[in-house]
Amino acid sequence: MAVRYAPAEIESRWQAHWQAESLDSTPIDDPERDTFYALSMFPYPSGTLHMGHVRNYVITDVIARLQRLRGRHVLQPMGWDAFGLPAENAAIERGVDPGDWTERNIDQMRRQLQRLGLSIDWDRELATCHPDYYRWTQWLFLQFLEAGLAYRKEASVNWDPVDQTVLANEQVDSDGRSWRSGAIVEKRKLCQWFLRITAYADALLDDLDQLDGWPERVRTMQANWIGRSVGAELAFPVIDPAGQPTGASITVFTTRPDTVYGVSYLVLAPDHPLVASLTADDQQDTVQAFGAAVNRQSDQERTAEDKPKRGVPLGTFGRNPFNGERIPLWIADYVLAEYGSGAVMGVPAHDQRDFVFARQYELPVRQVIVPEGADEHAYEGGAWTEPGVLIHSGPFDGLPSGQAKQAIVALAEREGWGKERVQFRLRDWLISRQRYWGCPIPVIHCDSCGVVPVPDAQLPVELPRHLAFSGKGASPLAQLSDWVNVPCPSCGQPARRETDTMDTFICSSWYYLRFSDPHNTALPFSREEADRWLPVDQYVGGIEHAILHLLYSRFFTKVLRDRGLLSFDEPFRRLLTQGMVQALTYKNPRSGQYIAPAEVGDPADPRDPINGERLEVFFEKMSKSKHNGVEPGVVIDRYGADTARMFILFKAPPEKDLEWDDADVEGQYRFLQRIWRLVDGAVGRGLNLAGLPPGNAGEPDSGSGALSAADQELRRAAHTAIAAISDDLADGHYQFNTAVAELMKLSNVMGSLVEAASEPVALEAFGILLVLLSPFAPHLAEELWQRLGGKASVHRQAWPSADAAALVQATIPLVIQVKGKVRGNLEVPADADAATLEQLALGSEIARKWLDGQPPRRVIVVPGKLVNLVP
RNA sequence: GGGGGCAUGGCGGAACCGGUAGACGCAGCGGACUUAAAAUCCGCAGGCCGCAAGGCUGUGGGGGUUCAAGUCCCCCUGCCCCCA
């Protein structure tokens with residue numbers, strides 16, 4: 001009796017059953033077994049699952065299920081990146097406790113996630129805001145401290161005026177805005193904690209070469225961010241009005257020592273430590289006022305090549321040691337104290353920013369490099385910044401830039417004027433945050449002992465809960481005198497706790513390690529467990545973390561390796577960056593308003609519901625503000641998780657953007673119903689998988705006797721699907737879209753052939769279909785597997801292998817080309833050799849028609865494919 | 001400005017190492033079933049010419065290599081991303 005496909009009932013039933021059977025728990029027996037660690041970037045518990053999450057986790061789940069079928073022990077965990085500002089903002093706006101708010105969101109999101117049928121081991125779930133997790137974040141921080149890799153310094157730092165906290169460089173975008181709040185970042189001079197990531201700059205750059213399982217562009221982005229450049233450090237002596245050295249000198253960093261004869265001024269950052277002492281008396285006021293003005297600008301505004309450059313002279317001079325020239329000292333907005341040595345040599349002829357600056361203040365522009373083969377370069381447009389040949393450069397005239405750099409640095413080293421130096425764009429990682437809802441930095445400030453680490457036995461430094469939030473001023477922690485005032489662990493005198501918390505990117509820089517050993521109470525993880533599961537075999541997440549999270553995690557892994565806690569130094573073997581989920585968006589081009597799809601009327605002629613104006617229609621990333629979001633829960637209610645999964649996997653290759661389309665979702669639903677009816681029909685005819693050899697869907701009783709034409713064709717289709725899908729899902733290149741297409745092809749063939757096929761061959765095909773389907777539509781595959789009498793769970797079967805014998809065909813269509821153009825097909829024996837194929841082609845009707853009786857000049861035979869006749 | 005990527009039917013996308021371009025799906029059209037509709041099933045479908053057989057043409061544009069180019073090389077145009 002036919003039963004309708006009812007995903008809601010099937011899915012909840014199997015989810016409960018799998019949970020009861022612990023089907024998704026991580027196997028820990030049999031240490032000899034190959035392991036596979038499939039990891040999704042863990043979410044921030046906002047409380048709402050969106051389609052981007054769904055896509056991410058479904059991709060990872062298919063990979064995890066596939067690896068299980070391939071016989072590997074699989075770890076697929078899930079956790080929560082649970083510290084962060086939204087919780088604190090909820091506290092300020094609605095008076096709820098950030099911890100309570102976060103817990104509620106986690107519960108809600110976990111329930112939403114569980115509806116997707118993900119084979120996640122929930123026993124290993126973690127949240128970074130739980131004391132049994134952040135205890136180890138603190139422990140790791142103290143490891144960094146002990147290694148000299150965490151330090152405090154006063155620095156001009158990025159201040160987000162909206163979120164009221166400082167930010168790391170990576171967290172400020174190219175417009176000078178905060179990655180979170182979007183506010184223009186200000187500069188503030190504060191004493192802050194840093195992690196010395198620059199000590200690993202070379203390793204982080206060099207080891208990118210090992211990461212051949214990462215997308216090329218992510219590696220390029222990281223390399224650019226680290227920004228290694230080789231140049232020189234040159235010291236310019238300061239001279240007094242009489243031209244005598246004062247004993248002071250200014251050290252500049254330059255990547256262009258070959259232009260040193262073109263220096264027409266020196267520029268210091270306004271907050272360079274030498275500025276005050278180098279400023280002439282009559283310039284003091286001007287210089288101070290300028291420094292204050294610059295402080296309000298972002299780094300990006302200051303250094304952009306297309307923005308005007310401002311500066312003031314100090315009224316004092318230095319000397320170019322190479323040619324003895326007297327050169328004026330300036331300060332300017334486009335020089336940053338934090339980069340290089342905080343001072344640069346101004347070479348207007350060969351640096352665009354120097355050029356703009358020199359034009360503005362009428363400083364001399366002297367050309368010292370000419371383009372190869374030219375006498376001069378015209379300067380209307382700007383500086384000549386390419387390499388060339390030196391002129392006006394004393395003994396170095398005539399040398400090409402490359403050689404000149406070496407010769408000039410060599411001279412500087414001999415004379416004690418400077419040396420070669422490697423400079424990185426990468427800055428140390430600023431990790432202090434003046435916020436409450438984060439991991440407390442486990443140190444105590446003591447007047448006599450200085451910074452004292454909290455002793456291990458006192459960890460974790462717990463975050464006090466249920467505080468009052470004003471959202472103004474310092475972190476609420478600073479106002480909790482009971483919490484702040486503690487005795488110094490070293491001398492016992494009254495001391496104060498650090499009230500800053502850590503950047504949440506610290507918490508997420510090691511969570512993938514904790515998953516290997518989540519309940520360890522003696523260590524963040526045991527080396528044995530970490531080595532057993534890691535590096536992560538497949539990491540899946542958004543490209544937006546190309547620099548931030550992925551760079552920090554690589555840094556952590558290298559440090560922990562050097563501390564002897566790990567034996568590997570790259571955390572993620574393969575990385576898949578999935579594309580965005582987009583949906584159709586309606587926008588009034590005149591007003592800029594986004595209109596909800598329900599309000600536009602006829603989608604073929606969308607109009608603004610208020611004024612009837614014609615709307616623009618395009619695909620854009622789903623978001624609330626654009627009214628184009630599709631809620632996962634709604635889709636699951638209507639079609640089931642299996643349909644949602646199939647749609648997402650089929651609609652676009654994983655790394656490309658995906659355009660949501662309700663009609664295509666319907667299409668997937670129809671496909672799953674077709675499979676349902678197909679199997680239901682077989683069940684109705686009494687087919688039963690129990691008749692197959694146990695535990696293997698891929699090896700029927702082939703070879704016994706001659707198969708009918710229908711049997712042969714069906715077997716060929718089934719085994720072709722195995723071969724094609726295995727190929728589409730080979731390690732590291734995951735073409736889910738074509739794999740689903742192959743499933744459709746197989747089901748199409750089965751639809752027309754299973755009734756004509758013999759029972760064993762039909763059953764074999766059903767077994768193959770359901771096992772191949774199981775990673776994609778786990779509930780449907782399981783339900784149909786059981787209905788067909790399958791033993792155990794479909795998810796405990798072995799991935800089938802294609803039977804070469806089933807793929808063999810007696811004849812194949814041979815393409816006949818004449819002069820490269822396809823003129824027709826010839827059915828030929830599949831195993832015919834080249835000579836036979838040539839004869840067959842020459843004797844064919846096609847040859848007679850197109851060759852006018854002339855023998856071809858040339859014949860190209862590609863056995864198994866084609867014959868090309870060239871007259 | 002520098003670096004990287006992409007461009008294929010009405011749409012999303014296939015095409016291994018250069019070997020039948022458009023798999024699979026969506027939308028569309030025709031037919032069967034139905035009182036009717038939905039659902040389902042069968043079929044058609046890049047464009048142009050043709051009643052048809054068939055022919056010509058076609059992977060952003062131009063050139064090249066090759067028996068053969070979506071695929072390799074050079075130039076151009078457009079779009080996207082990263083860095084400035």
Side-chain angles (χ1 to χ4, degrees), chain A residues 2 4-5 173-176 215-227 299-300 302-307 334 352-353 381-383 385-386 425 543-544 546-547 577 579-580 582 584 603-604 617 619 646-653 655-671 673-674 676-678 720-721 723-725 727-728 730 733 735-749 751-752 812-826 846 849-850 856-871:
Chain A
R4 250 186 89 76
Y5 173 43
D173 71 15
S174 55
D175 295 328
E216 187 60 42
R217 64 186 192 124
V218 175
R219 292 194 282 168
T220 307
M221 281 161 71
Q222 291 214 355
N224 290 340
W225 184 263
I226 296 166
D299 293 354
Q300 283 71 18
R302 287 171 57 177
T303 55
E305 279 180 9
D306 51 356
K307 293 265 167 57
Y334 72 101
Q352 186 59 28
R353 286 178 291 196
T385 58
E386 301 296 306
R425 214 182 81 89
I543 187 85
E544 65 275 15
I547 294 171
T577 50
M580 290 185 295
Q582 304 186 314
L584 215 51
V617 184
F619 277 95
M646 294 290 288
F647 164 76
I648 282 173
L649 295 163
F650 178 67
K651 179 71 180 176
E655 62 287 342
K656 284 192 69 174
D657 289 347
L658 181 152
E659 296 176 356
W660 191 269
D661 180 348
D662 289 333
D664 281 325
V665 179
E666 290 272 1
Q668 282 306 315
Y669 189 53
R670 283 201 295 265
F671 171 54
Q673 290 184 84
R674 223 152 40 230
W676 176 272
R677 284 193 299 269
L678 194 60
T720 301
I725 295 174
D727 196 50
D728 287 340
H733 83 118
Q735 299 187 40
F736 307 112
N737 55 331
T738 51
V740 174
E742 293 297 331
L743 285 172
M744 291 171 167
K745 278 193 217 172
L746 174 57
S747 94
N748 287 344
V749 172
S752 48
I812 54 155
L814 180 76
V815 171
I816 309 296
Q817 293 185 338
V818 177
K819 212 170 165 248
K821 281 189 191 297
V822 176
R823 294 304 178 187
N825 287 324
L826 215 54
I846 300 159
K849 178 175 172 189
W850 289 93
R857 232 171 1 99
R858 212 175 145 185
V859 179
I860 288 104
V861 182
V862 183
K865 286 237 158 77
L866 59 79
V867 174
N868 189 4
L869 306 170
V870 186

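Just so it is clear: chains get the letters A, B, ... in the order the sequence lines come, proteins before strands, and each one is counted from 1. No hydrogens, no waters, no symmetry mates; every other heavy atom, side chains included, goes into these values.
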Report task. Please report the closest heavy-atom contact between Y669(A) and Y5(A), naming both atoms and the distance. Result -> CE1-CE2, 3.8 Å

Query raised in the report: Given the C1' atoms of C24(B) and A15(B), what is the spacing between them in whole Å?
Result: 12 Å

Query raised in the report: Which part of the nucleic acid, if any, lies within reach of V815(A) when heavy atoms closer than 4.0 Å are counted: base, sugar-phosphate only, or nothing?
Result: base

Report summary line: Answer for the Watson-Crick or wobble partner of A7(B), both distances under 3.5 Å, is U77(B)

Report summary line: From the candidates G12(B), C83(B), U20(B), the one with an atom nearest any side-chain atom of F650(A) is G12(B)

Requested in this report: Looking only at side-chain atoms of D661(A), point me to the closest of C26(B), C67(B), C83(B).
Outcome: C26(B)

Report task. Using the C1' atoms only, state how far U77(B) lies from G63(B), rounded to an integer number of Å. Result -> 15 Å

Query raised in the report: Which part of the nucleic acid, if any, lies within reach of V862(A) when heavy atoms closer than 4.0 Å are counted: base, sugar-phosphate only, or nothing?
Result: base

Query raised in the report: Looking at the side chain of D664(A), which of A14(B), G25(B), C83(B) is the nearest nucleotide?
Result: G25(B)

Query raised in the report: How far, in whole Å, is A36(B) from A52(B) if one measures between their C1' atoms?
Result: 38 Å

Report task. Name the closest nucleotide to the K821(A) side chain, picking from G3(B), U20(B), U57(B). Result -> U57(B)

Query raised in the report: So, is N748(A) close to the G25(B) phosphate, meaning a side-chain N or O under 4.0 Å from OP1 or OP2?
Result: yes

Query raised in the report: Expressed in whole Å, how much space separates the P atoms belonging to G60(B) and C51(B)?
Result: 32 Å

Query - Complementary nucleotide for G1(B) - Watson-Crick or wobble, under 3.5 Å - result: C83(B)

Query raised in the report: When the C1' atoms of C80(B) and C17(B) are considered, how many whole Å apart are they?
Result: 29 Å

Requested in this report: Return no unless some side-chain N or O of Q735(A) is found under 4.0 Å from OP1 or OP2 of A15(B).
Outcome: yes

**Report entry** Sugar-phosphate only, base, or nothing, as touched by A663(A) at under 4.0 Å among non-hydrogen atoms
**Finding:** sugar-phosphate

Query raised in the report: Which part of the nucleic acid, if any, lies within contact of R823(A), taking any heavy atom under 4.0 Å across all strands shown: a base, the sugar-phosphate backbone alone, or nothing?
Result: sugar-phosphate

Query raised in the report: Looking at G13(B), U20(B), G19(B), which one has an atom nearest to any side-chain atom of N737(A)?
Result: G13(B)

Report task. Tell me what K865(A) touches on the nucleic acid: a base, only sugar-phosphate, or nothing, going by heavy atoms under 4.0 Å. Result -> base

Query raised in the report: C11(B) and U20(B): how far apart are their P atoms, nearest whole angstrom?
Result: 24 Å

Report summary line: Rounded to whole Å, CG of D728(A) lies from P of A23(B) at a distance of 16 Å

Report task. Quick one: label E666(A) by what it contacts on the DNA or RNA (base, sugar-phosphate, nothing), any heavy atom closer than 4.0 Å. Result -> nothing

Report task. Indicate yes or no for a side-chain donor-acceptor contact from D657(A) to the backbone of G579(A) under 3.5 Å, with no hydrogens or angles considered. Result -> no

Query raised in the report: With rounding to whole Å, what would you report as the distance between A38(B) and G50(B) at their P atoms?
Result: 35 Å

Query raised in the report: Would you say a side-chain N or O of R217(A) is under 4.0 Å from OP1 or OP2 of C81(B)?
Result: no

Report task. Describe the nucleic acid contact of R857(A) in one word from base, sugar-phosphate, nothing, applying a heavy-atom distance below 4.0 Å. Result -> nothing

Report task. Sticking with atom P, work out how far U66(B) lies from C56(B), rounded to a whole angstrom. Result -> 24 Å

Requested in this report: Report yes if at least one side-chain N or O of R677(A) is closer than 4.0 Å to OP1 or OP2 of C41(B); otherwise report no.
Outcome: yes

Query raised in the report: Is Q817(A) touching bases, backbone alone, or none of the nucleic acid, heavy atoms closer than 4.0 Å?
Result: base

**Report entry** Side-chain touch I543(A)/R217(A), heavy atoms, less than 4.5 angstrom
**Finding:** yes

Report summary line: Result for 5'-nearest mapping on RNA chain B, choosing between M221(A) and D657(A), is D657(A)

Query raised in the report: Paired with G58(B) by Watson-Crick or G-U wobble geometry, both distances under 3.5 Å: which nucleotide is it?
Result: none

Query raised in the report: Across the strands shown, which category fits P813(A) at heavy-atom distances under 4.0 angstrom: base, sugar-phosphate, nothing?
Result: base

**Report entry** F619(A) ring center near W660(A) ring center (under 6.0 Å)
**Finding:** no

Query raised in the report: Between A27(B) and R670(A), is there an OP1 or OP2 to side-chain N/O distance shorter than 4.0 Å?
Result: yes

Query raised in the report: Atom CE in M221(A), atom CD in E216(A): separation rounded to 0.5 Å?
Result: 12.5 Å

**Report entry** First of K745(A) and V822(A) reached from the 5' end of RNA chain B, by closest nucleotide
**Finding:** V822(A)

